[in-house]
J.: 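Have a look at this one before I ask anything.
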2 protein chains.
Amino acid sequence: MLIRKGLSEMKRVTMADVAEKANVSKSTVSQYLNNRFDYMSKQTRDRIKIAIEELGYQPNFVARSLKQKSTSTIGVIVANILHTFSTQVLRAIEDYFNEHGFHAIVCNSYNDPVKELRYLEMLRAKQVDGLIVVPTGGNLDVYQRMIDEQFPLVFMDRIVEELRVDSILLDNEAASFIAVQHLKEKGYYRLGILTSSLKGNITPRIERVKSFRKALQMFNLPIYEDFIQGYEQNEYQFRLKELLSLPQPPEALLAGNDFSLMEILQFVKDHRIVIPEQLAVISVDEVSFADIYSPGLTTINQPTFEMGTQAAEMLWKKIKKEHNQSTNIIHRFKPELVVRDSC
Amino acid sequence: MLIRKGLSEMKRVTMADVAEKANVSKSTVSQYLNNRFDYMSKQTRDRIKIAIEELGYQPNFVARSLKQKSTSTIGVIVANILHTFSTQVLRAIEDYFNEHGFHAIVCNSYNDPVKELRYLEMLRAKQVDGLIVVPTGGNLDVYQRMIDEQFPLVFMDRIVEELRVDSILLDNEAASFIAVQHLKEKGYYRLGILTSSLKGNITPRIERVKSFRKALQMFNLPIYEDFIQGYEQNEYQFRLKELLSLPQPPEALLAGNDFSLMEILQFVKDHRIVIPEQLAVISVDEVSFADIYSPGLTTINQPTFEMGTQAAEMLWKKIKKEHNQSTNIIHRFKPELVVRDSC
DNA sequence: CTGAAAGCGCTAACAA
DNA sequence: TTGTTAGCGCTTTCAG
């Protein structure tokens with residue numbers, strides 16, 4: 001892999017070195033490396049093989065990328081890799097692209113459009129072949145330019161109304177409907193949904209809240225606006241206290257995401273509330289401990305792997321030009337109800 | 001960003017286009033982009049600025065990488081991104097490198113040396129500037145060559161005896177000692193440790209089991225070999241059944257990792273065992289639900305962020321040649337006991 | 001203060 | 001069947 005020169009001078013082995021050693025030209029070596037054996041004599045092939053092994057030659061993909069205008073690398077920008085949703089989706093994307101010899105550069109925007117912009121620019125400068133992103137909602141102009149250029153792009157989890165981009169989302173309406181239907185069947189009457197901050201227009205939160213209301217109507221249940229809330233991180237505990245101290249508190253709560261579920265469970269524990277007798281609980285997003293918690297937690301699961309795989313496949317087709325770039329299909333995935341004992 | 005040619009021909013804007021438009025040479029544009037303004041007249045600077053904006057020029061990092069032999073990209077190979085440990089470490093690495101304008105390509109080896117090898121080769125071919133890896137234990141020759149070449153490399157979580165590589169690990173001995181000490185103080189006498197398969201020589205598992213025995217000796221507690229086990233994934237439940245059906249079952253169990261903890265809690269739930277009265281539980285690795293579980297789970301936490309940051313910093317110094325490449329310091333991080341109610 | 005020219009390592013016509 | 005040649009887009013001496 002390295003050629004020793006003089007005492008300690010090192011130099012990377014290049015294709016030229018291989019060519020020289022094998023007594024052929026660079027282009028022949030290039031042919032060899034790209035498996036174009038069609039017109040190559042067994043002899044030269046062997047000579048090249050030996051030369052490569054003896055020198056420990058390893059191709060320089062960067063040079064190849066420059067020439068071919070393709071890096072076999074994609075970029076993925078998620079909000080925060082610490083969220084289960086992100087990791088599972090990432091795993092699926094990873095697995096898919098690795099099958100095709102591609103790699104992924106992973107970035108966290110932390111929901112900050114400024115960070116997002118920096119990543120977008122660097123990733124494009126690094127010539128990634130495509131991008132899968134959970135968009136913050138900012139940087140419309142940058143995305144629009146990408147769309148105009150037909151740059152392969154797929155959004156996940158969120159919709160940006162102004163942009164025509166194919167997007168992968170949960171069918172959030174179905175999630176809310178399933179929850180309400182299940183709760184009604186179980187005999188609960190005063191239902192609520194609690195999720196993270198509604199500021200910032202995060203699609204899944206907005207959609208779940210909105211369609212929760214719609215579902216209540218549809219199932220002829222009363223709508224208590226107090227029970228339909230997006231809380232800031234630090235207000236959950238005292239707001240829950242208020243909520244459950246009401247003369248007519250909610251009988252059942254839908255946690256709009258795993259974070260909200262944790263907060264609810266924290267409150268339940270601190271106040272020795274019995275689930276489901278005193279408060280029924282159901283949540284969107286599976287959590288690792290749904291099974292082992294007592295009582296088992298009824299959850300509405302997102303098919304995260306399928307969603308990640310689908311995003312990857314769509315991007316792949318765009319990269320390979322097998323797919324029209326400028327569609328904006330919203331792919332909705334059905335959530336799945338897993339009934340346990342919390343409602 | 002694109003120049004329209006004829007009817008629909010598109011062409012990426014290059015430095016040459018900017019140079020032409022601004023009436024300067026490519027090298028001047030290059031100077032500009034690299035902030036070498038020292039000897040540049042205000043005029044040319046402005047002209048270049050305008051030309052860049054009007055053309056929507058974006059530098060091609062690949063070309064730059066080829067010339068400079070540095071990609072500002074590192075590779076990270078973890079066993080499985082779905083593990084909490086991996087995500088947290090990854091986050092820390094990400095954050096650190098982004099501060100320095102670097103990006104990370106993330107790969108999952110799934111503990112498979114063959115996959116690991118493929119990744120190593122591709123990442124090197126893509127000319128990453130350094131590598132952080134949780135090694136499978138295979139591919140010794142490849143790593144040895146990297147070491148010989150002084151390629152920036154840091155290991156995490158596992159030691160490969162045969163290789164001189166700087167490594168970041170938990171002080172596993174301390175973890176076992178803390179557990180045994182705490183359990184003894186709480187009055188438990190018959191102690192056990194359960195962890196994942198001991199085949200495959202995975203450092204943390206081996207070390208935790210080994211030092212658990214040592215700790216028992218040190219604290220004058222009896223050693224029951226039956227209670228010191230590495231189970232395969234599918235045998236936990238029936239082995240636990242055997243274990244807890246013994247005339248003298250363990251009074252307390254240390255879960256060697258989060259996976260083992262889940263299995264224990266599953267068993268506990270299925271058999272209505274009361275923690276800590278019938279069985280005390282403590283675990284290495286924090287889990288998200290330690291607080292909200294009833295009873296709260298006493299855990300021995302790894303400082304994952306610090307570990308990730310340290311790995312990143314070490315790699316950074318090696319990349320920047322501020323650090324000797326060929327040391328093999330094992331950095332041990334102290335775990336932290338968080339007492340809750342499960343023992 | 002700016003430009004000319006060589007070259008990073010590889011690919012791909014086109015020749016031979 | 002193999003070699004020659006001309007770049008890919010950028011950086012970097014070295015001249016001017």
J.: Would B:K42 and B:D46 pass as an ion pair if we require N to O under 4.0 Å?
T.: yes

J.: Taking only the side-chain heavy atoms of A:V24 (C-beta and beyond), determine which of D:dG3, C:dC10, C:dG3 contains the nearest atom.
T.: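 Closest of the options to the side chain of A:V24: D:dG3.
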
J.: What pairs of nitrogen or oxygen atoms, one from the protein and one from nucleotides 14-16 of chain D, lie under 3.5 Å apart?
T.:
none

J.: Could a donor-acceptor pair under 3.5 angstrom be found where the side chain of A:S30 meets the base of C:dA12?
T.: no

J.: So among B:K49, B:K21, B:R47, which one has a salt bridge (charged side-chain N to carboxylate O under 4.0 Å, His left out) with B:E54?
T.: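 Between B:E54 and the candidates, salt bridge (charged side-chain N to carboxylate O under 4.0 Å, His left out) is satisfied uniquely by B:K21.
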
J.: If the test is side-chain contact (heavy atoms from CB on, under 4.5 Å), which one of B:I132, B:L163, B:I330 qualifies with B:F155?
T.: B:L163

J.: Test of understanding: with ring pair (Phe, Tyr, Trp, His ring centres under 6.0 Å), list the residues that count as partners of B:Y32, not counting sequence neighbours.
T.: B:F37

J.: Among D:dG3, D:dC10, C:dC10, which is the nearest nucleotide to the side chain of A:M15?
T.: C:dC10

J.: Output the residues of residues 61-70 of chain A in contact with DNA chain D, where contact means a heavy atom of the residue under 4.0 Å from an atom of the strand; sort by number or write none.
T.: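 Contacting residues: A:L66, A:K67, A:K69.
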
J.: Counting distance alone, no hydrogens or angles: does the base of C:dT2 have a donor or acceptor under 3.5 Å from a partner atom on the side chain of B:S41?
T.: no

J.: So that I can tick it off, tell me whether A:R91 and A:D95 are bridged by a salt bridge, with the cut-off set at under 4.0 angstrom between side-chain N and carboxylate O.
T.: yes

J.: Taking the side chain of B:P59 as heavy atoms from C-beta outward, which of C:dG3, D:dT2, D:dC10 is closest to it?
T.: D:dC10

J.: Tell me: NZ of B:K126 to C1' of C:dG9, nearest whole Å?
T.: 17 Å

